[in-house]
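Residue numbers start at 1 and run along the sequence shown.
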Amino acid sequence: MVNTKLIVSALSLHLMLVPFVLDLVYADQGLTLGFYKPSCPSAEDIVKAKTKSYISRVPSLAPSLLRLHFHDCFVRGCEGSVLLNSTSKNTAEKSAGPNLSLRGFQVIDGVKTALEKQCPGVVSCADILALVARDAVVEIGGPSWPVLTGRRDGRVSLATEVLNNLPAPFFNITQLSTLFASKGLTVKDLAVLSGAHTIGVSHCASFSPRLYNFTGKGDTDPSLDPNYVAKLKEACKPKDATTLVEMDPGSFRTFDTHFYTLVGKRRVLFNSDSALLADHTASAYVRAQALPEGSTFFNDFGESMMNMGRIGVLTGSSGEIRKHCAFVN
């Protein structure tokens, strides 16, 4: 018979040890839990309250804010470069093709304004991105995780660096795992972070080649479930660039494990999601999370988000604390 009290006690001990362990892991990077407690004690409460205010009115912003953090971290690291506007002398990341559909900048600006009123020049835009992503996920019923802070903001943002650093929806498993490895992330991180597609929508243009011209001969991707193809073709006509389709039909506003069930049934929009079945580690993870009991997805997602959140961070005297997230000081 399983001793549930022992399990609960062990889990409680693990949770108590997490901050200590994380401090050890991240100390060399200058990231810590509660970095702003001495300089701006209410910083994280302000972020949480403002994020809740936005998400309660527009829940669809949650996946957008999560995506914003992801796109920031994968290009130059988690240092807020995705937030910078283009200038007459420079085309910034947000002007690159893959970033033209990014949303949620007004949330980051709103949070930054509130923080500047309380603690001028203290909280970085990069940390705001990390905190808002976590708080937005929590607001729609997803997991929480410790967000270590202490990031500083970068001063460079180049549109030319985006394509080579973001995973494309048509990537195969080799391309995906190679890219993730270059960021210090594992295949498990890939499988876990792909689970973020349990929420949100996508434009038809991101996956229509799978429906109408998979190999350049007017064919359909044979790895897709034929019944799913028929439904997608009803929603997305050839060359449709405006229609939005749910990534997790019937559950796209709920942070859950249903995405993994769809991967197994070959009913996901992107080739990059289908590609998870082409790797032993990733496919095993997909199968495990699709089971009705025993999912570890919520805990795993928090761990992988922490792993992602330390990519290329600037700390200490590097970078700056921007006064406005869209402009360098």
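Hydrophobic clustering, with ILVMFWY side chains joined whenever heavy atoms are under 4.5 angstrom apart, groups Ile128 together with Ile311. In terms of hydrophobic clustering, with Ile, Leu, Val, Met, Phe, Trp and Tyr side chains grouped at heavy-atom distances under 4.5 Å, Phe270 and Leu66 are assigned to different clusters. Criterion: ILVMFWY side-chain heavy atoms under 4.5 Å apart, direct or through other members. Under it, Leu115 and Leu148 are part of a common hydrophobic cluster. Under the 4.5 Å side-chain heavy-atom criterion for Ile, Leu, Val, Met, Phe, Trp and Tyr, Met247 and Phe297 are members of distinct hydrophobic clusters. The cluster map of Ile, Leu, Val, Met, Phe, Trp and Tyr, joined by side-chain heavy atoms under 4.5 Å apart, puts Leu224 and Val286 in different clusters.
Of the possible donor and acceptor atoms, none in the side chain of Asp153 sits under 3.5 Å from a partner among the backbone N and O of Ile321. Asp127 places a side-chain N or O within donor-acceptor distance of the main-chain N or O of Arg151, the cut-off being under 3.5 Å. In this structure, the side chain of Asp135 does not engage the main chain of Glu139 through any donor-acceptor pair within 3.5 Å. Between the side chain of Ser86 and the backbone N or O of Ala92 there is at least one donor-acceptor pair closer than 3.5 Å. The backbone N or O of Thr215 sits less than 3.5 Å from a side-chain atom of Asp219, completing a donor-acceptor pair. A donor-acceptor pair is defined here as one N or O able to donate and one able to accept, closer than 3.5 Å; such a pair exists between the side chain of Arg322 and the backbone of Gly154.
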- [ ] Go through the steps to decide whether Ile108 and Leu129 satisfy the test side-chain contact (heavy atoms from CB on, under 4.5 Å), and finish with yes or no.
- [x] CA-CA 7 Å; Ile108 305 303; Leu129 275 172; 3.7 Å; yes
Task: Evaluation steps, side chain to side chain donor-acceptor pair (under 3.5 Å), between Ser81 and Glu93 - done: CA-CA 7 Å; Ser81 56; Glu93 290 172 30; 2.5 Å; yes
Open item on the list: The test is side chain to side chain donor-acceptor pair (under 3.5 Å); show your working for Thr198 and Asp256 and say whether it passes.
Closed with: CA-CA 6 Å; Thr198 183; Asp256 56 26; 2.8 Å; yes
Task: Test side chain to side chain donor-acceptor pair (under 3.5 Å) applied to Arg152 and Ser317, step by step - done: CA-CA 8 Å; Arg152 289 171 66 86; Ser317 60; over 6 Å; no
Task: Residue pair Val75, Leu158: steps toward the side-chain contact (heavy atoms from CB on, under 4.5 Å) verdict - done: CA-CA 9 Å; Val75 183; Leu158 303 172; over 6 Å; no
- [ ] Give the intermediate values and the outcome of side chain to side chain donor-acceptor pair (under 3.5 Å) for residues Thr51 and Arg134.
- [x] CA-CA 10 Å; Thr51 303; Arg134 188 269 313 275; over 6 Å; no
Open item on the list: Between Leu291 and Arg287, does the side-chain contact (heavy atoms from CB on, under 4.5 Å) criterion hold? Intermediate values first, please.
Closed with: CA-CA 7 Å; Leu291 295 174; Arg287 290 193 298 273; over 6 Å; no
Open item on the list: Under the criterion side-chain contact (heavy atoms from CB on, under 4.5 Å), I'd like the reasoning laid out for Val313 against Glu79: C-alpha separation, chi angles, the key distance, then a yes or no.
Closed with: CA-CA 6 Å; Val313 294; Glu79 36 70 86; over 6 Å; no
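Taking the six-membered ring for Trp and the full ring otherwise, Phe207 and Phe170 have centroids separated by 6.0 Å or more.
Ser101 and Arg67 form a side-chain donor-acceptor contact under 3.5 Å, judged by distance and modelled atom types alone. Defined by atom type and a distance below 3.5 Å, a donor-acceptor pair is present between the side-chain atoms of Asp240 and Thr243.
Salt-bridge check for Lys188 with Asp300: passed, with a basic side-chain N closer than 4.0 Å to an acidic carboxylate O. A salt bridge links Glu320 with Arg155: at least one charged nitrogen is closer than 4.0 Å to a carboxylate oxygen. Between Glu161 and Arg76 there is a salt bridge, since a side-chain N of the basic residue sits under 4.0 Å from a carboxylate O of the acidic one. Glu116 has a carboxylate O that lies under 4.0 Å from a charged side-chain N of Lys112, or vice versa, which qualifies the two as a salt bridge.
Under the salt bridge (charged side-chain N to carboxylate O under 4.0 Å, His left out) criterion, the residue pairs touching residues 260-273 are Asp225-Arg267, with sequence neighbours excluded.
Annotation: cation-pi pair Arg103/Phe105 absent, no NZ/CZ under 6.0 Å from the ring centroid and within 45° of its normal.
In this structure, the separation between CG on Asp189 and OG on Ser304 is 3.5 Å, given to the nearest 0.5 Å. A distance of 9.0 Å separates CG of Leu179 from CG of Leu190, quoted to the nearest 0.5 Å. Taking OG from Ser251 and NE2 from His258, the interatomic distance works out to 6.5 Å, rounded to the nearest 0.5 Å.
Ring geometry for Phe74 versus Phe70: interplanar angle under 30°, hence parallel rather than tilted (30 to 60°).
In this structure, Tyr260 and Tyr285 have side chains that are in contact, with non-hydrogen atoms separated by less than 4.5 Å.
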